[in-house]
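Worksheet: one structure, shown below.
We name chains A, B, ... by the order of the sequence lines, and we start the count at 1 in each one.
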Protein chains: 2
Amino acid sequence: MPKNTFFNLPEKKRTRILNAAIDEFSKYSYEKASITRIVNTANIAKGSFYQYFENKLDLFRHIFMISADEKLKYLKPTLDKMESEDFFTTLRNLYVAGIEFVKENYKLSQIADRLMKSNNENLKNEIFGETKPKSNHFLKVLLLKGIKRGEIDSSIDVELVSVMLTNLSFTITEYYLKTNEKGIVTDDYSDLMEMVEKMIYTIENGIKIKGEDNNDY
Amino acid sequence: MPKNTFFNLPEKKRTRILNAAIDEFSKYSYEKASITRIVNTANIAKGSFYQYFENKLDLFRHIFMISADEKLKYLKPTLDKMESEDFFTTLRNLYVAGIEFVKENYKLSQIADRLMKSNNENLKNEIFGETKPKSNHFLKVLLLKGIKRGEIDSSIDVELVSVMLTNLSFTITEYYLKTNEKGIVTDDYSDLMEMVEKMIYTIENGIKIKGEDNNDY
DNA sequence: ATATAATATGACTATAAAGTCACATGACTA
DNA sequence: TAGTCATGTGACTTTATAGTCATATTATAT
């Protein structure tokens with residue numbers, strides 16, 4: 001946790017420091033990010049920094065929490081409607097919300113993304129605690145509910161599929177960013193929706209050709 | 001390229017250096033890997049290292065090439081049989097071969113994996129050149145062939161699905177390693193095959209419930 | 001045996017990092 | 001006004017890094 005002195009700071013100064021840190025951590029990994037660069041960008045003294053934060057990790061954890069909170073804001077509406085919607089609607093909305101978060105909070109998403117991809121297990125433990133984040137646990141529950149409701153094929157391996165769907169959410173985000181390079185952010189969501197639609201279609205139906213003459217039975 | 005002095009070295013010494021480097025780069029990212037640690041592990045002088053390699057990058061590139069060559073050996077049989085096998089058999093064999101490579105060359109696979117995940121675009125360019133590796137291009141061709149042969153649903157988005165299948169190959173590798181933690185390497189491939197089978201099933205058929213009463217038509 | 005070329009060496013340079021600390025400045029209180 | 005406490009500061013310490021270089025050793029050729 002940042003020290004009280006940090007929260008007592010005038011808002012302008014506080015956000016100046018946060019922005020400098022977000023800039024730095026979105027450009028560089030935790031290890032390569034430099035406190036010296038951050039304090040220079042934010043125009044504060046090195047010593048001041050250590051009046052605000054315990055150390056580099058303390059700052060990084062704070063920034064990461066900001067990112068997680070922000071992402072949750074995007075997912076919240078979908079999570080709230082979960083009970084009344086069918087599985088594929090919820091999944092579709094989660095994917096869309098995920099991409100929207102990345103579109104509108106690119107730097108924050110980069111920071112979280114980098115941490116997820118990182119092989120620095122020490123750092124991950126410091127951030128998440130010993131309990132690894134089972135982001136697929138939620139999808140597992142959702143899948144089981146879908147099976148009960150008769151929406152999902154009960155012969156699937158729920159554990160494996162939940163991991164697949166979790167990773168596909170990263171895949172679609174990356175793919176969207178690649179196909180929409182130059183970072184053009186438009187209010188037109190049609191292409192985004194179309195892409196998610198295609199992916200959901202594939203997840204629903206698979207890629208094998210359908211029709212009476214081609215099945216294995 | 002390593003210098004001639006390196007290739008002139010007695011084989012024992014050369015492999016000692018290579019093993020030390022592979023150890024280091026499998027434990028640490030390119031940036032955090034330390035030449036000093038490598039020369040200590042390999043029991044050579046710092047100066048000797050620079051008789052063998054131009055610099056750190058020269059060594060890393062060499063190690064990465066070794067990893068890529070080794071992986072290709074695993075994939076080769078499947079690639080050679082490609083024409084005579086159907087799409088899903090080829091995909092299944094590629095996934096299995098990919099996991100086998102990781103099982104039997106864990107350190108090398110870690111090194112390649114870390115580079116793929118890395119956000120150090122400079123480094124990636126140094127290794128791959130300006131042309132980004134389109135590992136999904138191959139799957140795209142394979143998908144198109146599958147569609148022609150009447151094996152694959154022609155209404156899918158080939159580009160998107162090829163990216164999905166590429167990422168799912170990473171997913172299944174990670175998943176296999178997690179469920180088979182402690183690094184127990186057995187000659188029993190039944191659990192590996194079962195897992196790949198489940199994933200292929202899902203890719204083929206999707207996860208939506210099938211049967212006359214539940215379809216949307 | 002001598003000369004020459006190839007290889008081995010580790011102290012050293014330059015650079016950058018995180019974190020510290022004695023002191024300076026400002027604000028609020030009695 | 002004097003005193004106290006919170007905040008601000010940047011030179012400094014420690015530690016680690018990649019890469020260099022003058023010198024020593026060994027192998028080869030004459």
**Item:** Minimum-distance nucleotide (side-chain atoms of B/Gln51 versus C/dA18, D/dT7, C/dA8)
**Value:** C/dA8
**Prompt:** Hey, is the side chain of A/Lys46 pairing donor to acceptor with the base of C/dG19 inside 3.5 Å?
**Reply:** yes
**Message:** On the six-membered ring of B/Phe87, is B/Lys145 placed so that its NZ or CZ lies under 6.0 angstrom from the centre and within 45° of the ring axis?
**Reply:** no
**Request:** Pick base, sugar-phosphate or nothing for A/Ser48, based on heavy-atom distances below 4.0 Å to the nucleic acid.
**Result:** base
**Request:** Using Watson-Crick or G-U wobble geometry with both distances below 3.5 Å, tell me the partner of D/dT26, or none.
**Result:** C/dA5
**Prompt:** Of the nucleotides D/dT7, D/dA18, C/dG19, which one has an atom closest to the side chain of A/Asn55?
**Reply:** C/dG19
**Message:** Over all strands shown, is B/Lys13 touching base, sugar-phosphate only, or nothing at heavy-atom distances under 4.0 angstrom?
**Reply:** sugar-phosphate
**Asked** In this structure, are over 12 heavy atoms from other groups packed under 6.0 Å from B/Lys3 atom NZ?
**Response** yes
**Prompt:** When all nucleic acid strands are considered with a 4.0 Å heavy-atom cut-off, which category describes A/Tyr52: base, sugar-phosphate, or nothing?
**Reply:** sugar-phosphate
**Request:** Rounded off to whole Å, could you give me the CZ-to-P distance for the B/Phe49 and C/dG10 pair?
**Result:** 16 Å
**Item:** OP1 or OP2 of C/dA6 under 4.0 Å from side-chain N/O of B/Asn8
**Value:** no
**Prompt:** Rounded to whole angstrom units, what separation is found between the CZ atom of B/Phe53 and the P atom of D/dT20?
**Reply:** 15 Å
**Asked** Would you say D/dT17 has OP1 or OP2 under 4.0 Å from some side-chain N or O of B/Arg37?
**Response** yes
**Asked** What is the distance from CD1 of B/Ile44 to C1' of C/dT7, rounded to the nearest Å?
**Response** 12 Å
**Prompt:** Does CE in A/Met116 sit with more than 12 non-hydrogen atoms of other residues, nucleotides or ligands closer than 6.0 Å?
**Reply:** yes
**Length of the NZ-C1' vector between A/Lys56 and C/dA16, whole Å** = 11 Å
**Asked** Parallel, tilted or perpendicular: which fits the ring planes of A/His62 and A/Phe6, with parallel below 30° and perpendicular above 60°?
**Response** perpendicular
**Asked** If you check the A/Thr5 side chain, which of D/dG10, C/dA18, D/dT7 turns out closest?
**Response** D/dT7
**Prompt:** Hey, do the aromatic rings of A/Phe128 and A/Phe64 have their centres closer than 6.0 Å?
**Reply:** yes
**Asked** Between C/dA6 atom C1' and B/Leu9 atom CG, what is the distance in whole Å?
**Response** 12 Å
**Request:** Check for a donor-acceptor pair, side chain of B/Lys124 on one end and backbone N or O of B/Asn119 on the other, with a separation under 3.5 Å.
**Result:** no
**Item:** Atom-to-atom span, CD of B/Glu31 to P of C/dA17 - whole angstrom
**Value:** 14 Å
**Item:** Phosphate contact (D/dG19 OP1 or OP2) by B/Tyr50 side-chain N/O below 4.0 Å
**Value:** yes
**Request:** In whole angstrom, give the distance that lies between atom CD1 of B/Ile38 and atom C1' of D/dA16.
**Result:** 15 Å
**Request:** Rounded off to whole Å, could you give me the CD1-to-C1' distance for the B/Ile17 and C/dT7 pair?
**Result:** 12 Å
**Request:** Report which part of the nucleic acid A/Phe6 touches: base, sugar-phosphate, or nothing (heavy-atom distance under 4.0 Å, all strands).
**Result:** nothing
**Fill in**
When A/Tyr30 and A/Gly47 are each assigned the nearest nucleotide of DNA chain C, the 5'-most assignment goes to A/Tyr30
